[in-house]
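What follows is a set of notes on a single structure, which appears directly below.
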Amino acid sequence: MSTTEESPKKSLNFIEQIIEDDLKNGKNQSQVHVRFPPEPNGYLHIGHAKSICLNFGLARDYQGTCNLRFDDTNPEKENVEYVESIKKDIEWLGFKWNDKPLFTSDYFEQLYQFAIQIIKAGNAYVCEQSAEEIANYKGTPTQAGKDSPWRNRPIAESLDLFERMRKGEFAEGTLSLRAKIDMASPNMHMRDPLMYRIKKDAHHRTGAEWNIYPMYDFAHGQSDYIEGITHSICTLEFEVHRPLYEWFLDQVYDPSRLRPRQIEFARLNLSYTVMSKRKLLQLVQEGLVSGWDDPRMPTISGLRRRGYTPKSLHTFADMIGVARRDNMIDLGKLEFAIREDLNKTALRRMAVLNPLKVVITNYPEGKAEMLDAVNNPEDETAGMRQVSFGREIYIEQDDFMEQAPKNYFRLTVGAEVRLRYAYFIRCTEVVKNSDGEIIELRATYDPESKGGKSPDGRKVKGTIHWVSAEHGVKASVNLYDRLFLTEDPQDVEEGVNFLDTINSESLKVIDAIVEPALLETNVGDHFQFERMGYFCTDLDSSSNRLIFNKTVGLKDTWAKVSQN
RNA sequence: UGACCGAUGGUGUAAUGGCAACACUGCAGUUUUUGGUACUGCCUUUCUAGGUUCGAAUCCUGGUCGGUCAACCA
């Protein structure tokens, strides 16, 4: 027998390598249990999509499970609208979380008991310093901090105060529970970090039940532990938190249980946009965009409304990979991913975005006919449709030039061009208004060229799209461009706000004329408007008023050539 | 000037001590009733200086550059 053919071993990213090592070594009973832990204080963006594809993908590939856990420890900023949008976006991406959605707030009592256990062990204390005092005592990255005067108070006293904090006996900002670690640690996060603070805001799930809320570092790791998470994957900025993650775990760890491990990867940066929730919130609140789902937003809901598909986002996530190096992904990669998907699936339609009327003078007045058109040349099963043709049609303004260079294949005076799926026409006359602007074209057609072929076999290089003036339907089309002018809006000079680099022309609303077949469309449908780009039916579209959003243009070689 | 992390074409990501490769972009061409798609070819790569080794992108040391960390946010 021949040797077994070597299966081309797929290269693993560094997280998959860690997992496969753990599996091989039988660590954590060879289980893979991950989680996606959003804070419900904003809408998910494409950076989250990367993380979602990573975590849920790992669970799928290693027969594990992935929890959805809302990290809801800050009632001031969190709400149910965000919870619902997050669930919707994850489902839309095609992933299923393990069991039901989980919440850190479900563990508040357990977390409180852990805290008591740590106080009793002498490793946490109630501190009476103000926020300002704590900051002053904390030192700087290059300077050690100083111990809080409350650091060595009796355990019983801390226990009593902590209980009374919970009961609501103290005002916000007066007391806090702190881990007793090392005020001189070179790692700022180890300088007696806060575990609990007093907060009287109503929580979106627990209401007024709690007057104290756990801080991220304490809550997150312990929640991982409670849920039996094995690999706790987060972004690079949490790297310096890892020693603290381990320290808290050590306080409560029972060796008979699974022990989670934090692994950090580089977050996604996309050119010409911003990815921080704070900045995205600002765009929404200041009305610079129409909302979280504005098609110019890098949010999952914005991309969905723009016309991106779940598949394209998966493709994109696969393309960009996972590593520990800071990155700036070219927006073009995202656009490639959606074109690749839509090229195979989107029905072709004809739409004229900037209409120019053409009268075909030798076509009988009052006559109309139906012509066959292919719905999708990439997919035979998509079938055919019929389009109405008549004596007066609209073509794209860019498809006519009075003084054309010789490599211009479109319509010009005296030259012949093919109307897609219709006839060859030859321009005979240009009609202008008193300002010298072209307002209409006259042309003749070749009746023998029906369908776009001529019996004499003569070659016509250019093919342009068109819509019958009599049958065409009006539609509103939103043309989108990048939201920011600079590649990295976060990286601006001092004194310049990221909002100063916003692209004032990121949205153009135009009136287009589209073929009647587009009347039968539902919200979210994807089309290729031939030669123009991919478009989708907007949320606000109706049969009375069609609205299409431009997802992305087709690759346009001519645009590049004609630049020079 | 502290600790930690990182550095491979224009952009990303592989190569796990043994021929630096894949995708995107760009350029050139073939096909084409979308100047689309598809296909072909090309351009372009290991931050730096030492060391270990028969052999280094990979291991070690120094340097350089970049990132993160001083919220009662996550």
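Values below: every heavy atom of this structure, side chains too, minus hydrogens, waters and symmetry copies. Protein chains get the first letters and strands the later ones, always in sequence-line order, with residue 1 at the start of each.
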Taking the [atom1] atom in each of [N] and [M], what is the distance between them to the nearest angstrom?
{"N": "B:A57", "M": "B:G51", "atom1": "P", "result": "15 Å"}
{"N": "B:C54", "M": "B:G63", "atom1": "P", "result": "28 Å"}
{"N": "B:C39", "M": "B:C22", "atom1": "P", "result": "15 Å"}
{"N": "B:U52", "M": "B:U64", "atom1": "C1'", "result": "23 Å"}
{"N": "B:A15", "M": "B:U46", "atom1": "C1'", "result": "11 Å"}
{"N": "B:U37", "M": "B:A56", "atom1": "P", "result": "43 Å"}
{"N": "B:A23", "M": "B:A14", "atom1": "P", "result": "15 Å"}
{"N": "B:U13", "M": "B:G50", "atom1": "C1'", "result": "30 Å"}

Please state how far atom [atom1] in [X] lies from atom [atom2] in [N], giving the value in whole angstrom units.
{"X": "A:E340", "N": "B:U25", "atom1": "CD", "atom2": "C1'", "answer": "15 Å"}
{"X": "A:F316", "N": "B:U25", "atom1": "CZ", "atom2": "P", "answer": "13 Å"}
{"X": "A:H220", "N": "B:A71", "atom1": "NE2", "atom2": "P", "answer": "21 Å"}
{"X": "A:E16", "N": "B:A15", "atom1": "CD", "atom2": "P", "answer": "11 Å"}
{"X": "A:F14", "N": "B:A57", "atom1": "CZ", "atom2": "P", "answer": "23 Å"}
{"X": "A:R324", "N": "B:A7", "atom1": "CZ", "atom2": "P", "answer": "9 Å"}
{"X": "A:K199", "N": "B:A71", "atom1": "NZ", "atom2": "C1'", "answer": "11 Å"}
{"X": "A:F409", "N": "B:G36", "atom1": "CZ", "atom2": "P", "answer": "10 Å"}

State, with a plain yes or no, whether a side-chain heavy atom of A:F316 is found less than 4.5 Å away from one of A:L303.
->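 No - every pair of side-chain heavy atoms lies 4.5 Å or more apart.
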Under 4.5 Å between any side-chain heavy atoms of A:K87 and A:F70, yes or no?
->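 Yes, their side chains come closer than 4.5 Å.
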[X]-[Y] aromatic ring centre distance below 6.0 Å:
{"X": "A:F218", "Y": "A:F248", "value": "yes"}
{"X": "A:Y245", "Y": "A:H241", "value": "no"}
{"X": "A:F389", "Y": "A:W466", "value": "yes"}
{"X": "A:Y423", "Y": "A:Y445", "value": "yes"}

For a quick check of understanding: with a heavy-atom distance under 4.0 Å over all strands, which category does [X] fall into, base, sugar-phosphate or nothing?
{"X": "A:D326", "result": "sugar-phosphate"}
{"X": "A:L331", "result": "nothing"}
{"X": "A:V322", "result": "sugar-phosphate"}
{"X": "A:F529", "result": "nothing"}
{"X": "A:P377", "result": "base"}
{"X": "A:Y196", "result": "nothing"}
{"X": "A:E239", "result": "sugar-phosphate"}
{"X": "A:L194", "result": "base"}
{"X": "A:N407", "result": "base"}
{"X": "A:K344", "result": "nothing"}
{"X": "A:Y213", "result": "nothing"}
{"X": "A:E378", "result": "base"}
{"X": "A:T140", "result": "base"}
{"X": "A:Q129", "result": "base"}

Check whether any side-chain N or O of [X] sits under 4.0 Å from OP1 or OP2 of [N], and answer yes or no.
{"X": "A:R325", "N": "B:U13", "result": "yes"}
{"X": "A:R197", "N": "B:C73", "result": "yes"}
{"X": "A:K560", "N": "B:G26", "result": "yes"}
{"X": "A:T73", "N": "B:A74", "result": "yes"}
{"X": "A:R339", "N": "B:G36", "result": "no"}

Shortest side-chain distance from [X], nucleotide among [options]:
{"X": "A:R531", "options": "B:G36, B:G2, B:G35", "answer": "B:G35"}
{"X": "A:M328", "options": "B:G12, B:G35, B:A74", "answer": "B:G12"}
{"X": "A:P186", "options": "B:C69, B:U34, B:G2", "answer": "B:G2"}
{"X": "A:L554", "options": "B:G2, B:U25, B:U34", "answer": "B:U34"}
{"X": "A:K138", "options": "B:C5, B:A70, B:G36", "answer": "B:A70"}
{"X": "A:A323", "options": "B:U13, B:U25, B:U34", "answer": "B:U13"}
{"X": "A:N74", "options": "B:A74, B:G35, B:A15", "answer": "B:A74"}

Do any N or O atoms from the side chain of [X] and from the backbone of [Y] form a donor-acceptor pair under 3.5 angstrom?
{"X": "A:E396", "Y": "A:N354", "answer": "yes"}
{"X": "A:R191", "Y": "A:S185", "answer": "yes"}
{"X": "A:R164", "Y": "A:E169", "answer": "no"}
{"X": "A:T104", "Y": "A:T73", "answer": "no"}
{"X": "A:T206", "Y": "A:H203", "answer": "no"}

Would you say the side chain of A:R410 and the base of B:G35 hold a donor-acceptor pair, judged only by whether the two atoms sit under 3.5 Å apart?
->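 Counting by modelled atom types and ignoring angles, a donor-acceptor contact under 3.5 Å is found here.
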Test for a donor-acceptor pair under 3.5 Å between the base of B:U11 and the side chain of A:K333, counting only N and O atoms.
->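 By the distance-only test, yes, there is a pair.
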Among A:Q528, A:R385, A:E530, find the one that has a side-chain contact (heavy atoms from CB on, under 4.5 Å) with A:R349.
->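 Among A:Q528, A:R385, A:E530, the one meeting side-chain contact (heavy atoms from CB on, under 4.5 Å) with A:R349 is A:R385.
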Counterpart residues, salt bridge (charged side-chain N to carboxylate O under 4.0 Å, His left out), relative to A:R531 (two or more places apart) =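 Expected list: A:D399.
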Going by number, which of residues 260-272 of chain A have a non-hydrogen atom under 4.0 Å from RNA chain B?
->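 Per residue number, the list is empty: none.
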Please map the stems of RNA chain B, keeping only stretches of three or more Watson-Crick or G-U wobble pairs with both distances under 3.5 angstrom.
->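 Consecutive-pair runs (3 or more) involving RNA chain B: B:2-7 with B:64-69, B:10-13 with B:21-24, B:26-30 with B:38-42, B:47-51 with B:59-63.
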Quick one: on RNA chain B, does A:T142 or A:M532 contact a more 5' nucleotide (nearest heavy atom)?
->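 Looking at the nearest nucleotide for each, A:T142 comes out on the 5' side.
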Could you check A:W558 against A:N13 and say which one's nearest nucleotide on RNA chain B is further toward the 5' end?
->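 Its nearest nucleotide being more 5', the pick is A:N13.
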Take the angle between the ring planes of A:H45 and A:H48 and call it parallel below 30°, perpendicular above 60°, tilted in between.
->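 A:H45 vs A:H48 ring planes: tilted.
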